[in-house]
J.: 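Before anything else, here's the structure in question.
Any value given below was found using the heavy atoms of this structure, including those in side chains, with hydrogens, waters and symmetry copies removed. Since the structure is predicted, the reported quantities are computational estimates derived from the model, not experimental observations. To find a chain, count down the sequence lines: A is the first, B the second, and so on, and within it residues start at 1.
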There are 2 protein chains.
Amino acid sequence: MNTELSPKAAEIIAHTRSLLEAGSYNSFSYADISARVHISKASIHHHFPSKAELVRVVVARYRIEARAGMAVLNQQLADPLDALKAYVNYWSKCIKDGTSSFCICALLAAEMPTIPEEVAAEVQGHFEDLSTWLTSIFAKGVAEGKFHLKDSPAIEARGFMASVHGAMLAARGFGDPQAFETLAQLSINRLTLAN
Amino acid sequence: MNTELSPKAAEIIAHTRSLLEAGSYNSFSYADISARVHISKASIHHHFPSKAELVRVVVARYRIEARAGMAVLNQQLADPLDALKAYVNYWSKCIKDGTSSFCICALLAAEMPTIPEEVAAEVQGHFEDLSTWLTSIFAKGVAEGKFHLKDSPAIEARGFMASVHGAMLAARGFGDPQAFETLAQLSINRLTLAN
DNA sequence: GTGTTTTAATCTACTAGTAGGTAGATTAAC
DNA sequence: GTTAATCTACCTACTAGTAGATTAAAACAC
């Protein structure tokens, strides 16, 4: 599979991702992308035959980026707590500086019953990628005696993931971007401090 | 303010809520409601002048229901842990029997930047209602020596709320409705068990 | 109580605008 | 001279919303 993209295709993907991030699958149109990329709607169709395919590619590339990020954390941070802190800090920074304000897979997961199948499959794939990685980190933390968990690493990892996604939702729901960091930090603190 | 509704208006609201629940603000149209309620699109406009107003009313009534639910829990369950368990069980049951599969305010919060202002204000109102109630329950749990928290009741309450919303997201993301109960239970267990 | 007037609820028919997508020609690159 | 990228012009279906007529039930007058 070729992952190389023409500059315009890359631009289309970048803008689609940020439009998606702001709302939902149905909250933006080819006209919106057209206006931002300065290209006709027909030209977008030349690069991506349909909206479902465009969004599918956006999510597929998002997954590649995410997996690469997890691999980097695995390589650079031997300590499982440091890895989780780095993961959370990545999002804190993105939300703070406006790089990105929400995980597009979390957004799309919310509207799963109404999005095209091929997009839904990629979204579920990301949920599995992320929970698998978090499970391995949690298992490591337990094995090294660093984490004190009440349930299995797999369940705790999914719970952690849910808390992080919920923190993003809270930041938007309360209209307070800072809420993400505050709540994500809480999930981090719970891992080691015995009470 | 009159909260009485004609039967058709009530039907319109009920179907709008379930359509909203499945996806997003932009994932359904007046035509969808029209087909379900067996009424013309123009008649929907007679009851609710605009889509923004219709959804605003749906959310406003959802908030009334939610506040009534919290009041009932306050009256019937003196123990704060029982109250939280009842709150979580309410959603577990709804998700299991198909009554409701997602909090519409959590759904709308995800797409906050793209929904009409008046709807966003109601959504934020619900986030505040719910976190205020949860904070009072958490404070009670601490005062009675039943909960062992690492942070303030206000922060822990928001963290709990985020976990519950994240659990709903996980159920959809993994395509596994059971995931909600599993993850929500985890949040409940954390409140009392010392580790 | 009957006749009259309002009001609410519904309809068909329509509007302007937008959705995603296509046809076919033109231009630029290799 | 083929291929990729772009354009204008267009299509059909659908979007929220409106106009104006019709029906049926209340509300009021006498």
J.: With sequence neighbours left out, write down each residue that passes ring pair (Phe, Tyr, Trp, His ring centres under 6.0 Å) with A:Phe127, or none if nothing qualifies.
T.: A:His165, B:Phe174
J.: According to salt bridge (Lys or Arg N to Asp or Glu O under 4.0 Å), does anything in residues 131-141 of chain A pair up with another residue at least two apart or in another chain? List the pairs.
T.: none
J.: Determine which pairs satisfy side-chain hydrogen bond (donor to acceptor under 3.5 Å, both in side chains) with at least one residue from residues 44-55 of chain A, sequence neighbours left out, and list them in order.
T.: A:Glu53-A:Arg56
J.: Generate the contact string for nucleotides 6-22 of chain C. Rules: B means base contact, S means sugar-phosphate contact only, - means no protein heavy atom under 4.0 Å.
T.: --SBBBB------SBBB
J.: Could you give all pairs that pass the salt bridge (Lys or Arg N to Asp or Glu O under 4.0 Å) test and reach residues 169-187 of chain A, with sequence neighbours left out?
T.: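 Output for this query lists A:Lys96-A:Glu181.
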J.: Kindly state each residue pair satisfying salt bridge (Lys or Arg N to Asp or Glu O under 4.0 Å) with at least one member in residues 72-86 of chain B, sequence neighbours excluded.
T.: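 For residues 72-86 of chain B: B:Asp79-B:Lys146.
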